[in-house]
Student: 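Handing you a structure now.
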Amino acid sequence: MMPDDHNRSTIDLSIVIPVFNEAEGILDTLDVTMRVLQEISMSHEVIIVDDGSTDGTWESLEGVAYQDQRVKLIRLSRNFGKEAAILAGLEHCRGEGVVVMDGDLQYPPELIKEMVRLWKEEGYRVVHGVKESRQKESVSRGFFARMFYALMATLSGYDLRGGTDYKLLDRSVVKHYIELPEKVRFFRGLIPWLGFRNISVPFFPANRREGRSGWSLFSLVRLGVRAICSFSSIPMQVVTILGTFMFVASLVLGLQTLYMKLSGRAVAGFATVIILLLFIGSILMVSLGLIGQYLSMIYEEVKGRPSFVIDRTRNI
Ligand code: UDP
Ligand code: MG
């Protein structure tokens, strides 16, 4: 045990599951997970964080928590997003090891056994669940996901391809994660950033059986932009590079135009003007948007609001 967490760690293993409107599937997930945990001879708890569900998820979970003390519930006061829900779970779990898992059975709970083995027997402090294939998804989603991972890898140097939020963390890693001061978090990127001895275990994600993905394409794109911006400031520098490039180009074009004018060969250059106008205009707008993105993230941090607000808990 680490010397500085003496008042925790009365439990070997915690499972943290963020859920948002998973009424149809969560009891199944819990069932399968509990069965897997039974096969591992370790004391355990399952912390389910209800991220402001509106479909009866909380009510059905309350019934289970009433009968089983190992099932612990946290209800956030509204939908704060998966990142906040994960953080809430990590802050309240007491395990020496913690597994973060989705509530829709897309990540096979059986993998927990292998994760625990790598952690306990081989001394890894972080075990990443890595997707061997992508689950069934729409073409546009697959396209944006691939684009995001490619951009993320080139701009920030973190290759997260296949990366998921399915991870086992040692208590020491959880402690550092909780203590990070950031409000806008990207779990999947921050854990590799923290470092520590880690290993990846591949798995094949299942397709969603119940309910539907709580993410719209728009919210995924937004998450992607935030993730990239919080791990790299290169996009902001790209603006400067583009601006310089445009300045040189406009100098050349300007000289050429002047020469044409002076030599009396000025042609009707509407096309050039319009193209330039559109080009510069769009670059300006994109650049402003980018700066706005960074500003909004700084603003978010400066306000210092908590990442989530808890409404009530069970068994905690
Ligand atoms: N989730 C959440 N808050 C949200 C959206 C999703 O806690 O605002 C949970 C959801 O219930 C699930 C996990 O995060 O347990 C992954 O979500 P989902 O399956 O919708 O994402 P995908 O698997 O499509 O990436
Ligand atoms: Mg899912």
Side-chain angles (χ1 to χ4, degrees), residues 14-33 46-61 71-93 98-109 111-112 128-149 152 160-167 184-189 203-224 226-227 307-311 313:
S14 302
I15 314 291
V16 169
I17 310 180
V19 295
F20 176 54
N21 290 347
E22 300 277 2
E24 292 149 82
I26 187 60
L27 294 185
D28 249 11
T29 308
L30 197 56
D31 224 44
V32 180
T33 309
V46 178
I47 301 198
I48 303 181
V49 184
D50 178 3
D51 188 13
S53 301
T54 50
D55 68 343
T57 301
W58 177 258
E59 288 72 19
S60 54
L61 283 171
V71 176
K72 306 183 174 176
L73 307 178
I74 299 173
R75 180 166 169 81
L76 304 187
S77 60
R78 63 171 169 85
N79 181 244
F80 278 92
K82 186 182 181 185
E83 293 290 336
I86 291 177
L87 182 64
L90 289 177
E91 280 185 5
H92 288 83
C93 66
V98 183
V99 174
V100 176
M101 192 176 81
D102 276 10
D104 55 6
L105 279 187
Q106 281 188 292
Y107 301 167
L111 200 69
I112 294 175
H128 304 283
V130 172
K131 284 188 211 171
E132 277 286 88
S133 64
R134 291 198 62 84
Q135 67 276 35
K136 205 169 86 195
E137 63 190 350
S138 66
V139 181
S140 57
R141 220 185 132 159
F143 170 76
F144 278 113
R146 270 171 243 274
M147 200 169 82
F148 163 70
Y149 285 118
M152 185 82 183
L160 304 179
R161 254 164 280 222
T164 63
D165 292 336
Y166 194 13
K167 299 184 192 301
V184 182
R185 285 173 187 244
F186 185 51
F187 182 70
R188 209 173 290 189
F203 71 91
F204 289 94
N207 291 323
R208 222 171 209 287
R209 279 193 297 185
E210 312 286 346
R212 45 193 298 271
S213 175
W215 298 90
S216 64
L217 193 58
F218 177 71
S219 57
L220 273 178
V221 170
R222 208 174 58 165
L223 177 77
R226 287 187 148 204
S307 307
F308 56 84
V309 174
I310 293 177
D311 175 4
T313 63

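Whatever order the structure lists them in is the order used to number ligands and atoms, beginning at 1.
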Student: Has Asp104 got an N, O or S atom lying less than 2.8 Å from the Mg ion (ligand 2)?
Tutor: yes
Student: Of the backbone atoms (N, CA, C, O) and the side-chain heavy atoms from C-beta on, which set of Asp51 has a member under 4.0 Å from an atom of ligand 1: side chain, backbone, both, or neither?
Tutor: side chain
Student: For ligand 1, find out whether one of its N or O atoms is nearer than 3.5 Å to an N or O atom of Ala85.
Tutor: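 Checking ligand 1 against Ala85, no N or O pair falls under 3.5 Å apart.
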Student: His92 and Ile310: side chain to side chain contact (heavy atoms under 4.5 Å, CB included), yes or no, with the steps?
Tutor: CA-CA 11 Å; His92 288 83; Ile310 293 177; 3.4 Å; yes
Student: Quick one: which ligand 1 atoms are inside 4.0 Å of a heavy atom on Gly81?
Tutor: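 That gives atoms 3 (N), 8 (O) of ligand 1.
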Student: By number and element, which atoms of ligand 1 are closer than 4.0 Å to a non-hydrogen atom of Gln106?
Tutor: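 Listed by number with element, the hits are 19 (O), 23 (O).
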Student: Val19 heavy atoms, cut-off 4.0 Å: which ligand 1 atoms fall inside?
Tutor: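 Under 4.0 Å from Val19, ligand 1 has these atoms: 7 (O), 11 (O).
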Student: Looking at Asp55 and Ala23, what are the two nearest heavy atoms and their distance?
Tutor: OD2-N, 3.2 Å
Student: Under 4.5 Å between any side-chain heavy atoms of Val100 and Leu90, yes or no?
Tutor: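 When only atoms from C-beta onward are counted, Leu90 and Val100 do touch, with a gap below 4.5 Å.
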Student: Heavy-atom contacts with Asn79 under 4.0 Å: which atoms of ligand 1 show up? List them by number with element.
Tutor: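 Within the 4.0 Å cut-off of Asn79, ligand 1 contributes 3 (N), 4 (C), 8 (O).
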Student: Considering only heavy atoms from C-beta outward, does the side chain of Phe203 approach that of Lys131 to under 4.5 Å?
Tutor: yes
Student: Is ligand 1 under 4.0 Å from a heavy atom in the side chain of Arg141, in the backbone, in both, or in neither?
Tutor: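 Side chain only.
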Student: Heavy-atom pairs closer than 4.0 Å: do any link ligand 1 to the side chain of Glu22, the backbone, both, or neither?
Tutor: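 The answer is the side chain.
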Student: Looking at Gly103, which atoms of ligand 1 are within less than 4.0 Å of one of its heavy atoms?
Tutor: 12 (C), 15 (O)
Student: Would you check if Thr313 and Lys72 make a side-chain contact, meaning some heavy-atom pair closer than 4.5 Å?
Tutor: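 Thr313 does not reach Lys72 side chain to side chain.
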Student: Report whether any nitrogen, oxygen or sulfur of Tyr107 sits less than 2.8 Å from the Mg ion (ligand 2) (N, O or S, backbone or side chain).
Tutor: no
Student: Apply ring pair (Phe, Tyr, Trp, His ring centres under 6.0 Å) to the pair Phe308 and Phe80, showing each step before the final yes or no.
Tutor: CA-CA 6 Å; Phe308 56 84; Phe80 278 92; 7.1 Å; no
Student: For ligand 1, which part of Ile17 has a heavy atom less than 4.0 Å away: the side chain, the backbone, both, or neither?
Tutor: neither
Student: Tyr166 vs Val99, test: side chain to side chain contact (heavy atoms under 4.5 Å, CB included). Steps then yes/no.
Tutor: CA-CA 7 Å; Tyr166 194 13; Val99 174; 3.7 Å; yes
Student: Is there a donor-acceptor pair under 3.5 Å between the side chain of Glu83 and the backbone N or O of Phe187?
Tutor: yes
